J.: 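This is the structure I have questions about; it appears just below.
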Amino acid sequence: MLEELSKRLYFSVYDLSEILGITKESAMVLATRYTKSGLFIRVKKDCYILSSIWMRYNEEDFLKIANFIQVPSYISFLTALSIYGVTSQVPRKYYESVALKRTLSVKIDDVIFKYYKIKKDFYFDFVRKGEVFISTREKAFVDAVYLFSFGKYRLDFAAIDIRKLDIKRMRKLLSNYPVKTVKIIKKVCKL
């Protein structure tokens, strides 16, 4: 069983019942027991990770898990800006995403997955890189400034390399954003 599960990034109660040939109810009981004993780590309802492989996960694995915990969502803010090399701030074991459902913080072991809910109108301009949905670099910056303009996000503008952002693209993104967000971006980017 463990060998089969170790091949997966995460697995469900349904996967357990299939692998072991037991009912879903029995798989749920087993998953609860193994989580209490430390063999499994609960990711979200009915989904788990083997504790033994969690420690071997790399950044890409954590990004995939971030997309999985709350669907739909995409990686953004400082996490994306760091990946693109736009900020000198590098969040360690902290992954930020934009979500449509709710603002949420999930701590799994020593890793934090943070989700910020935004309006559906602002849920755009992200791409799929491999198996990960991530904002464009300009959208990551706009997302961060948008929440910053309402006092819901901390942002160190001195750590951002504006030269690495496409100003024309950013102007297009800003067409529907609130005036206070646009004013901050214009001031910081000298538009």
Side-chain angles (χ1 to χ4, degrees), residues 9-10 43-44 56-191:
L9 188 64
Y10 47 80
V43 179
K44 67 180 194 178
R56 295 188 305 234
Y57 282 177
N58 59 32
E59 183 176 80
E60 186 176 343
D61 294 330
F62 290 129
L63 294 173
K64 290 175 190 175
I65 291 168
N67 279 170
F68 172 72
I69 291 172
Q70 192 165 171
V71 178
S73 67
Y74 62 84
I75 305 297
S76 190
F77 308 105
L78 278 182
T79 303
L81 291 171
S82 175
I83 290 167
Y84 290 126
V86 176
T87 180
S88 59
Q89 294 180 313
V90 181
R92 299 269 183 232
K93 296 189 177 187
Y94 191 83
Y95 300 89
E96 298 174 306
S97 300
V98 164
L100 285 176
K101 290 183 182 177
R102 64 190 178 271
T103 295
L104 175 71
S105 184
V106 175
K107 186 175 183 193
I108 300 175
D109 200 22
D110 61 343
V111 181
I112 297 172
F113 300 93
K114 180 76 178 174
Y115 300 86
Y116 295 92
K117 179 183 176 184
I118 63 167
K119 293 180 182 179
K120 192 173 184 176
D121 294 347
F122 302 143
Y123 192 86
F124 65 93
D125 205 41
F126 56 93
V127 294
R128 184 176 181 164
K129 290 191 175 190
E131 297 178 50
V132 176
F133 291 100
I134 185 169
S135 66
T136 62
R137 62 185 71 210
E138 293 77 18
K139 184 62 163 64
F141 181 68
V142 171
D143 285 341
V145 174
Y146 170 66
L147 290 184
F148 173 84
S149 71
F150 289 96
K152 296 181 179 183
Y153 191 78
R154 292 176 50 199
L155 187 60
D156 180 3
F157 289 100
I160 307 291
D161 187 350
I162 299 300
R163 298 169 300 172
K164 293 184 177 181
L165 299 173
D166 181 338
I167 301 302
K168 287 181 184 177
R169 183 183 184 113
M170 211 159 12
R171 280 190 186 124
K172 289 179 185 176
L173 293 175
L174 291 172
S175 62
N176 292 326
Y177 277 85
V179 173
K180 62 201 290 186
T181 303
V182 175
K183 281 184 180 180
I184 292 170
I185 290 177
K186 283 184 175 182
K187 181 180 176 184
V188 171
C189 297
K190 298 179 174 118
L191 299 178

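None of the values given here were measured: they were computed from a predicted structure. Index from 1, following the sequence.
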J.: At what distance, to the nearest 0.5 angstrom, does CZ of F157 lie from SG of C189?
T.: 8.5 Å
J.: Side chain of S149, backbone of Y146: donor and acceptor closer than 3.5 Å?
T.: yes
J.: Is the closest basic N to carboxylate O distance between R163 and D161 below 4.0 Å?
T.: yes
J.: Does anything in residues 126-147 form a salt bridge (charged side-chain N to carboxylate O under 4.0 Å, His left out)? List the pairs, not counting sequence neighbours.
T.: K64-E131, E138-R169, K139-D143
J.: Side-chain contact test, heavy atoms from C-beta onward, threshold under 4.5 Å: evaluate it for L63 versus I134 and give yes or no.
T.: no
J.: Does any part of the side chain of S97, heavy atoms only, come nearer than 4.5 Å to the side chain of T79, both counted from C-beta?
T.: no
J.: Going by atom type alone, with no hydrogens or angles, which donor-acceptor pairs under 3.5 Å involve a side-chain atom of residues 115-124 and a protein atom two or more places apart or on another chain?
T.:
| from | atom 1 | to | atom 2 | distance (Å) |
| --- | --- | --- | --- | --- |
| Y115 | OH | A66 | O | 2.5 |
| Y123 | OH | S73 | N | 3.1 |

J.: Can you find a heavy atom in the side chain of T103 that is under 4.5 Å from one in the side chain of K152?
T.: no
J.: Take F68 and K44 through the test side-chain contact (heavy atoms from CB on, under 4.5 Å) and record every step on the way to the result.
T.: CA-CA 9 Å; F68 172 72; K44 67 180 194 178; 3.6 Å; yes
J.: In terms of the angle between their ring planes, are F113 and Y95 parallel, tilted or perpendicular, with boundaries placed at 30° and 60°?
T.: parallel
J.: NZ of K107 to OH of Y94: how many Å apart, nearest 0.5 Å?
T.: 12.0 Å
J.: Under the salt bridge (Lys or Arg N to Asp or Glu O under 4.0 Å) rule, collect the residues that match up with K93, sequence neighbours excluded.
T.: D110
J.: Can you tell me how far CE of M170 sits from NZ of K186, rounded to the nearest 0.5 angstrom?
T.: 12.0 Å
J.: So how far is it from D156 CG to Q89 CD, rounded to the nearest 0.5 Å?
T.: 5.0 Å
J.: Does the side chain of L78 reach to within under 4.5 Å of the side chain of L155, using non-hydrogen atoms?
T.: yes
J.: To the closest 0.5 Å, what do you measure between CD1 (I69) and NZ (K114)?
T.: 13.0 Å
J.: So, do F77 and P91 sit near enough that their side-chain heavy atoms are less than 4.5 Å apart?
T.: no
J.: Side-chain contact test, heavy atoms from C-beta onward, threshold under 4.5 Å: evaluate it for L173 versus F141 and give yes or no.
T.: no
J.: Between D109 and V111, is there a donor-acceptor pair closer than 3.5 Å when you use the side chain of the first and the backbone of the second?
T.: no
J.: Any idea which heavy atoms bring Y74 and S135 closest together, and the distance?
T.: CE1-CB, 3.5 Å
J.: As an exercise, state the distance from CD1 of I162 to CD1 of I185, rounded to the nearest 0.5 Å.
T.: 9.0 Å
J.: Taking the six-membered ring of Y84 as reference, does the NZ or CZ atom of K164 fall below 6.0 Å from its centre and within a 45° cone about the axis?
T.: no
J.: With a 4.5 Å cut-off on side-chain heavy atoms, are I65 and Y57 touching?
T.: yes
J.: What is the minimum heavy-atom distance between V142 and Y177, and which atoms define it?
T.: CG1-CZ, 3.5 Å
